[in-house]
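Take a look at the structure below.
The figures that follow rest on heavy atoms only: side chains count, while hydrogens, waters and symmetry mates do not. All residue numbers in this chain count up from 1 along the given sequence. Since we're looking at a predicted model, the values are computed, not measured.
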Amino acid sequence: MNKQTIITILLALVAVAGQGQIPTGLPEHVKNHQMNMEAPLPEPSFEMDTTTVRVHILNWEANKTSTKIVCLAVSSFFPYIADNHTGFTDENGLAIVRFPQRGTSMASLSIGDGFSKYFYLWPGELADVYVDIERMIQTSRSHREWQMQPKDYGFGQKDTLTAEQLERHVITEEYGFDKQPCLWFEGRYADLNTALHRYLPFIDGFGWDENYERQLIVNQPLAPVYAEGMLTWRDYLKRRVMEDGRLPLCAKQFCALAYDVRTENWLWDNTQVQDCLTARRDGASPGNYVENRPLSQEQIARFRSLGTNTNYRAYFRSLDLTHITTPKFWDAISGDNPCDYVHDMRIVQGYPRHIELYGSLPEGAMNGVRMPYFHKLCQQLEAAQEGIEHDVYSDVLEDLQRRYRGKVVLIDFWATWCHGCIVAMNAMEPEKDTKLKHPDLAFVYLTDHTSPADRWQDYRKRIRGEHLRVNDQQMEALQKRFHIQVWPTYILMDRQGRFRELPHNHVEEELLKELEKKN
């Protein structure tokens, strides 16, 4: 038997083994789904509707309590607007999660120990996600272990990347495709989600390892060839992806857009570094230089060459936050003809915070906004302010001591963006009708303005107890008082009005012990 024959047999065995690893319970039409390799990346949706996601846990075991709660962290493309939504698995391992969705959104699915996978959702759709939970945990652990490995990218103190470095460091793990996918999708974004999950096992699913650029920018922030080196790096990666015949077109276009936006971020960081150092040399304020010092024509030309002035930017909402407040950046990428999304974002990017603080927008604030999406969204944010108590307590703790004298109180510091907070709140809710049902036990849920008012209102209706939404100064004082560093944090107030922190894994036990004590 020659060497070639042995290799052929081994490859056949590997293929058979790989087929046998497909979990049972996966519907045949999902397992045999054929992607449309020529379908382009869809235009993002600018609609609002109620979305339903059905999460099917394959080979589900009812005795595994870690899989009973499913959490979807959903972000929209309006900055600072994100939330967590939960569902509970039934006797068949099915969890249904319904939530209002604003525009094309990236969702992070977490089950059990917090391992998460990302995919995209279309507002108003019915989407199905099939999960091999064991494989999901395994791949997530492997990824975390890989991230923790020491890496030497060999840049040293060099000004730019040589052709040899480009070839050697482009991707640490050649994307020979994930042989063991753990998610399968049905829905409007099924092909895109499948492509990102199965065919592009890169950092964050975007195909761009930031460690390369981070080391280069730290070593040579002012190297004259830095910007050109970054553009060369971006062009090289785009060419590698676009020429790969194994990838569907939607994945190629998604990665190409991601490369443009990431390059924009790094070029902007480098621009700020140069502004700050120039300000120090001139004896001026670095902040003023970053905000107001004009960009050179060469810098502007580089930003505009990236092609990020499109509605597709909505796919990468989270990447806008680093420089969204700087007018000269927006001027650089958009020029005299910004797309509607970029045009409106320049106007409304601070509006959610203004509504949070003052309850509504000034008259005429929306006059120049083109997209109906933003008009409707701001109306919803203003409507959510109705019914919120705007009383500012001089001292939150003194007020609680006065109103709950003689009772045991659990104070839960949480936020709508905190996955662990939402899971814990939902898990405790049914216990209020059983072992935590007591006339002397009260629940107080305390958050601040980082939890959007409309999201907070929703939890206020569903989670029983008193809900307080304090201002920034009050939250800062409370964090110092209790040395709060993580969310959630649980504080117990006993019958005498004394406070102590409770460990996360013994909250119910400590509450019951306190209730047993004599008044």
Requested in this report: In sequence, state the C-alpha distance, the side-chain angles, and the governing distance for Phe254 and Tyr259, and then conclude on ring-ring contact (aromatic ring centres under 6.0 Å, His included).
Outcome: CA-CA 9 Å; Phe254 185 93; Tyr259 298 152; 9.8 Å; no
Requested in this report: Take the angle between the ring planes of Tyr315 and Tyr312 and call it parallel below 30°, perpendicular above 60°, tilted in between.
Outcome: parallel
**Report entry** Closest contact, heavy atoms only, Ala365 versus Ile347
**Finding:** O-CG2, 4.2 Å
Query - Phe413-Tyr490 aromatic ring centre distance below 6.0 Å - result: no
Query raised in the report: Thr104 pairs by side chain to side chain donor-acceptor pair (under 3.5 Å) with which of Tyr189, Tyr120, Trp122?
Result: Tyr189
Query raised in the report: Does a donor on one side chain sit under 3.5 Å from an acceptor on the other, for Thr86 and Asn426?
Result: yes
Report task. Search all heavy atoms of Ile333 against all heavy atoms of Glu264 and return the closest pair with its distance. Result -> CG2-OE1, 3.8 Å
Query raised in the report: Has the side chain of Asp128 got a donor or acceptor atom that lies under 3.5 Å from a matching backbone atom of Glu186?
Result: no
Requested in this report: Indicate the ring-plane relationship of Phe185 and His197, choosing parallel, tilted or perpendicular according to the 30° and 60° boundaries.
Outcome: perpendicular
Requested in this report: Assess Lys432 against Phe443: is NZ or CZ under 6.0 Å from the centre of the six-membered ring, and within 45 degrees of the ring's axis?
Outcome: yes
Requested in this report: Any disulfide bond (SG atoms under 2.5 Å apart) involving residues 421-510? Give me the pairs, sequence neighbours left out, ordered by first then second residue.
Outcome: Cys418-Cys421
**Report entry** Crowding at CZ, Arg405 (>12 non-hydrogen neighbours, <6.0 Å)
**Finding:** no
